[in-house]
Amino acid sequence: MLWSKSLIPTLKEIPQDAEIPSHQLMLRAGLIRRLGSGLYTYLPLGFRALRKVEAIVREEMDRAGAQEVLMPAMHPREIWDRSGRYESLKNVMFRVKDRQAREMVLGPTHEEIITDLVAREISSYKQLPCNFYQIQTKFRDEIRPRFGLMRCKEFIMKDAYSFDISSEAADSSYQKMYEAYVNIFRRCGLHAMPVEADTGDMGGSSSHEFMVPTDSGEDAILEADDGSYAANMERAEGYCDLPNVFPDADQPLEEIATPNAGKIEDVADLLKIEPRQLVKTLIFVADKSPVAVLLPGDRDVNEIKLRKVLDAQEVAPADPQTVREITGAEVGFAGPVGLKIPVIVDRTLEGLRGGVIGANKTDTHLLHFDLARDLDPDAFVDVAFPKAGDLAPNRKGHLSEKRGVEVGHVFKLGTKYSVALGANVLDENGKSIPAVMGCYGIGVSRTLQAVIEQSHDENGIIWPVNVAPYTVLITVLSPKHEESMSRATDLAAQLEAQGIDVLIDDREERPGFKFKDADLLGFPLRLTLGERGLAKGIMELKPRTEKSFEEVPVDQALDAVLAKVKTLREALK
RNA sequence: CGGGGAGUAGCUCAGCCUGGUAGAGCGCCAGCUUUGGGAGCUGGAUGUCGCAGGUUCAACUCCUGUCUCCCCGACCA
C-alpha cells in the first residue's frame, strides 16, 4: 500500500480533548476520529489494527471450541422483560421504538438473546457442552464516556456464552475460556493480569477480570507481593496486621468533649491520635431497615460486601435525619454503645481495646472503648475495603495497590438466565434441568487502545507485531528516484507474498518529516531506501524499539526483514 | 445527575476585562530555494466567532437562555 493513496491524517499537535497518552496517540496517528461523545470512526489504519485484534480473538476462541455466531444488535423489549433486566439495566440501555411503536432496545450485552436461542435449539445433554461467541457492536448509555475508545457509548465486544450440564462441567468451560484469554492478550502483546472480581449486576458465582495495569486505569487492583493473590478493589480481601490495643486500654469508658469535631480527621487532630484508633460508626439502610457498621477510622465500607453480608437488595448510607433519629446526635457522633439497631463490626477491629467511639451525643466521644467488653455485635465480618500494606488472604504476602483497565471479564453465571428463559435440557435420566452458563467478554476496541497505552514512548506508538496496522514501513526518501521506488515496490510485493503487510511512504516530504511520522505511527520495522544508500548497495533496517538502524545489503534485505519479523512474532507466541 | 472548564480558520490558540466589524503559529494551494529527524522565503485561499434572543448607532466582546464538548465523582468490556 502506498502512503500517498491512504487516509492517514497525522497530527503534529496534541488534540485538545485527549487526556491520556493512548487517546492522544490514536488521534495523532490518524487511527480514529470522534463523531460525538463516546462515538468514534475507525480510520483505515485504526480499522486494520482492530481487525488484527479480532483475528486473534477468533483464532483463540475457535481453538477453544467456541462457535461464532452473529446476533442482532436490536432486540424486542419483551425478551429483556423475561429476565427482569429491562428494569435493572434501564439506565444503560438505549431504547427505541419502531414505526409501529413497538419497543426495542439496542443490546448492551446478549445473555438473553443467546439463552433464548439455546432454549429453542438445544434440548439434550448430548449437545452440551457448547459455547457461542460473536464479535459485535454493543450499545451502552454510559454515564460518562471518556478516554477515547476506553469507554464509549458504542463499542466492539467479543462476547461468548457457554452452556453445560453441570456446575463441574461449567467450571471446565470457564477454565478453557480463562486460558483462551491468557493466550489472546499475550498474542496482542498486552500484559493483562487476571484478578478476582465481583460479578456485579451480571449475577453468578465467581469471575475474573483481565486487567492491563496503567495509571490511567479506572479500576483499583490489590496485588500481593508474593504473587499469591490479585483482586479488584471491589472484591479484595485483606488482613490488617497492625496492633489493635491502644494506650490506657484498661480504663472504663469516659466521655470527652469534641466540639464541632464530627469528622475522623478533626477528632484525630483534637485528641492527637491516629485515625485508626477511632472507630467509625456508620448508619446504613438495608432494604429499609437501619444497621450500624463499625470499622477503623482510616477505612471505608465496601457496600458490595455489606449488601452480601446482609443479604439485601439495596444498601445505602442513611440520610442525616435518620441518623439523628437513631443516634440522638448530629451526624459524626454515632457510636455503637446503646444503639437499638443491629451492629455489624468489621473484622479489622478484632481485639480492639482503647479505641475512641462516638457517644451518640452531639460534640462528644467516648475514650477507652473495648470491643469485647463494651459490645455484643450482631455480626463480626469483613465489610471494609482493604488497604495497601494489609496481609494477603494467605496471611504471608502484603498487598499493594495499582490501577488497571479491564479488557476482559469471565463469569460463572449459573442458571439465572437459563431458568428465566427456559434453556433446559434432558439429562441422562430424562430429567429436565437448566443449563449451567458462563459468559465471557473482551472489549475489543478497548483492548486496541490498551495496547497503545501500554506500548508507546515520547515519539509515538510502539505496535506489537501482531496488531500493527502494517508490519513493515518502507520509507522511500526520494520517491522520484526510479530505482528507489521500484526497489521498494518489488520488496513490498515479495514481503506481501510471505504474508507480511507493507506500507510504502512515497510522499514528497523531507526525510525528517517522514521519520517523525514513522515513529508516531509505530510500525514494528522500518526499512529506509535512499539514493545514497542504494548507490552503496544498502538499505537501512530499524526496529521501532531500537535507537539506531542496521545497514543491510540490498540483496539480503528481504531475508533480513523476514528474520526480524519472525523473531518479533516468536516473542508473542 | 452534582462539581469544574471550554466552544473564534482543518489543528493548537490569542482577541473579550475596557464594544468600533477578526488575528498568530501549524496545516492547505502556487512558485522558488532546500533535502537524513516535523525546512526557508514570496504570494494566496479559508471563518454563520456553537446557536437563539436581548442591550446598543455598532456585539467575538455586555446580558439572558440554550446546545455541544472536555475534566473530577457514582456505572462497565
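Labels below follow one simple rule: chain letters A, B, ... track the order of the sequence lines, proteins then strands, and each chain is numbered from 1. All of these numbers come straight from a predicted model, not from anything done at the bench.
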Heavy atoms only, 4.0 Å cut-off, all strands: where does [X] land among base, sugar-phosphate and nothing?
X: A:R28; value: base
X: A:R526; value: base
X: A:R34; value: sugar-phosphate
X: A:P15; value: sugar-phosphate
X: A:D159; value: nothing
X: A:I156; value: nothing
X: A:E509; value: nothing
X: A:D219; value: base

Quick check: A:H409 with A:F210 (ring centres under 6.0 Å apart)?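 Distance test on ring centres: not under 6.0 Å, no.
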So, do A:Y133 and A:Y161 have ring centers that fall under 6.0 Å from each other?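 Centroid distance A:Y133-A:Y161: not below 6.0 Å, so no.
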Nearest heavy atom decides the nucleotide; on that basis, is A:E234 or A:F549 closer to the 5' end of RNA chain B?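 Nearest nucleotide further toward 5': that of A:F549.
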5'-most contact on RNA chain B: A:E531 or A:E142, nearest heavy atom basis?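 Nearest nucleotide further toward 5': that of A:E531.
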As a test of reading the structure: which of [options] is closest to the side chain of [X], going by heavy atoms?
X: A:R446; options: B:rC70, B:rG38, B:rC76; value: B:rC76
X: A:Q16; options: B:rC75, B:rU12, B:rC70; value: B:rU12
X: A:R151; options: B:rG38, B:rG36, B:rC76; value: B:rC76

Does A:R510 get its side chain close enough to the base of B:rG37, under 3.5 Å, for a donor-acceptor pair?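 Such a pair does not exist between side chain and base.
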